[in-house]
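Structure first, commentary second.
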There are 2 protein chains.
Amino acid sequence: MARPRKPLLSRDRIVETASALVDAEGLSAVSTRRLAAELGVSGPSLYNHFRTKDEILDAVADAVSAKVDLSMFEEGDARDWRTALHDWAASYRAALADHPNIVPVLAQGPGRRPAGLRVADAVFGAMVRAGWPPAQATYIGALMRYFVTGSALGSFARGFVDDETAYDPADYPHLGQAHLLAEHRQKVDEGAFDTGLRALLDGLAMQYETEAREKRARQDS
Amino acid sequence: MARPRKPLLSRDRIVETASALVDAEGLSAVSTRRLAAELGVSGPSLYNHFRTKDEILDAVADAVSAKVDLSMFEEGDARDWRTALHDWAASYRAALADHPNIVPVLAQGPGRRPAGLRVADAVFGAMVRAGWPPAQATYIGALMRYFVTGSALGSFARGFVDDETAYDPADYPHLGQAHLLAEHRQKVDEGAFDTGLRALLDGLAMQYETEAREKRARQDS
DNA sequence: ACCTGAACACCGTTCAAGT
DNA sequence: ACCTGAACACCGTTCAAGT
């Protein structure tokens, strides 16, 4: 066969197929041979388009980052910083929840992934524009990512086992209902996420007020 | 050689050696053959002590969970829930920071790992005792874990590249200083963690006060 | 019970060969 | 430029054989 006159592969087609495979069967199902088979080519062909398998997975992760809504951070948007942060976090979480198997890659940080960097850039810029000092704006981008990726990676309920015998009351006196969590997992995950997000935003608002008060005091003196 | 009269291996020795290997060279350095070589045996020997390689990594992760301080959640401890949560989060984060390479395993949730379950049990029990409704206590255990594991996994600064050319100002207008982050990474990570933890605890304290007020109102009527 | 070597069905990646 | 098969140096795991 050798070289076809029209390329069989493209970066986009590889990423699409890899994404579908990750979603359907998990990260561990992605081997270069398996992915190539899915694409109708032989394993080494992929290396004409990506340098390593990790680069392919990075591209899959970045495609998820690209789906995160950033419109609330645009200059003209009417939302205040707190609402913007809330809406962004919700969109971020929804994007990860749609593709939970790739979250371990995403959670490591943006690295060189363009969409991941775009997210970091947008939130930092918007927080500075809203009056946060640059150092605090950096912290906010980081801590929000901690929380959102942590929640997507370690889905609380999925992290417990659906097996009553796993939780001996002698060992874990308070976990009597833990095996039920798998049942309610969606409710628990949502409740924990909403509670945590509200707490974070309430707490940040308090710090913002404190800073504003101090700034006014400095100007008055 | 065959069977020696005194076993060459034990679960503890395997976990210790695997931990050292993970710390020194990362998760990907742990293959059953490599680990066995490190222990002076052949690869399949490990299967007399663990059913799978994943079970070994789970045990390595659980050894880290076992180092998390839980004394603040004991019945006799004088710390209030907010201080307890703060001190626990700090100890949790320190334990993970000592062994960053195993965090991806830990972040997936406690599963069947005894020390991980003990942590979940302790925080849930203490929050209920402090007056939180059980559903909220569950959420608190979950959201704190989201934040702590998220921060350990996705160390913000490590997630950026130490390379100025990676951040074209045309693409990322606000990331001009991003390549400097690697330098300050410890400061950024600590600042983001401290800021986020304080915000979370401030926000939770607000919710606690609201609940307490509502409870008083119900009792007065 | 606990170790061994051989074997099975895989991996990621390189490379010369083909068009 | 873009695909191929062959090859290299690995994997996790099973299993019969040894004591």
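Chain letters run A, B, ... following the sequence lines, proteins first, then strands; residues in each count from 1.
Taking every side-chain heavy atom of S42(A) into account, dG5(D) is the closest of dC2(D), dG5(D), dT14(C). Of all nucleotides listed (dG12(C), dT13(D), dC2(D)), dG12(C) comes nearest to the side chain of S31(A). Each of dC15(C), dG12(C), dG12(D) was ranked by its minimum atom distance to the side chain of K53(B); first place goes to dG12(D). Residue N48(A) places its side chain closer to dC3(D) than to any other of dC3(D), dT13(C), dG12(D). When each of dA7(D), dC2(C), dT13(D) is scored by its nearest atom to the side-chain atoms of P7(B), the top-ranked nucleotide is dC2(C). Residue P44(B) places its side chain closer to dC15(D) than to any other of dC15(D), dC3(C), dA6(D). Among the nucleotides dC2(C), dG12(D), dT13(C), the one closest to the side chain of P4(B) is dC2(C).
D168(A) meets the salt bridge (charged side-chain N to carboxylate O under 4.0 Å, His left out) test with no other residue; sequence neighbours excluded.
With values rounded to the nearest 0.5 angstrom, M127(A) atom CE is found 4.5 Å from L85(A) atom CG. Note: I102(A) CD1 to L153(A) CG = 11.5 Å, rounded to the nearest 0.5 Å. Rounding to the nearest 0.5 Å gives a distance of 4.0 Å between CG of L39(B) and OG1 of T17(B).
At least one donor-acceptor pair closer than 3.5 Å links the side chain of D62(A) to the backbone N or O of G116(A). Side-chain atoms of Q136(B) never come within 3.5 Å of backbone atoms of W132(B) as a donor-acceptor pair (strictly under, hydrogens ignored).
In this structure, the CZ atom of R11(B) is 16 Å from the P atom of dA1(C), given to the nearest Å. What separates CZ of R51(A) from P of dG12(C) is a distance of 18 Å, to the nearest Å. For the pair I56(A) CD1 and dG12(C) C1', the computed distance is 11 Å after rounding to whole Å. As a whole-Å value, the separation of R13(A) CZ from dC3(D) P is 9 Å. Rounded to whole angstrom, the span from the CG atom of L57(B) across to the C1' atom of dT13(D) amounts to 15 Å. Atom NE2 in H49(B) sits about 9 Å away from atom C1' in dA1(C), given to the nearest Å. Distance L46(B) CG to dA1(C) P: 19 Å, rounded to the nearest Å. Put simply, OH on Y47(B) is 16 Å from C1' on dC2(C), counting in whole angstrom units.
Checked against a 6.0 Å centroid threshold, the rings of Y146(B) and Y146(A) do not count as neighbours.
Checking L9(B) against R33(B), the closest nucleotide of DNA chain C that is more toward the 5' end is the one next to L9(B).
Using a 4.0 Å heavy-atom criterion, one finds that S45(B) contacts the bases of the nucleic acid, with or without backbone contacts as well.
Helical stems in DNA chain D, defined as runs of 3 or more consecutive Watson-Crick or G-U wobble pairs with donor-acceptor distances under 3.5 Å: C:4-8 with D:12-16, C:12-16 with D:4-8.
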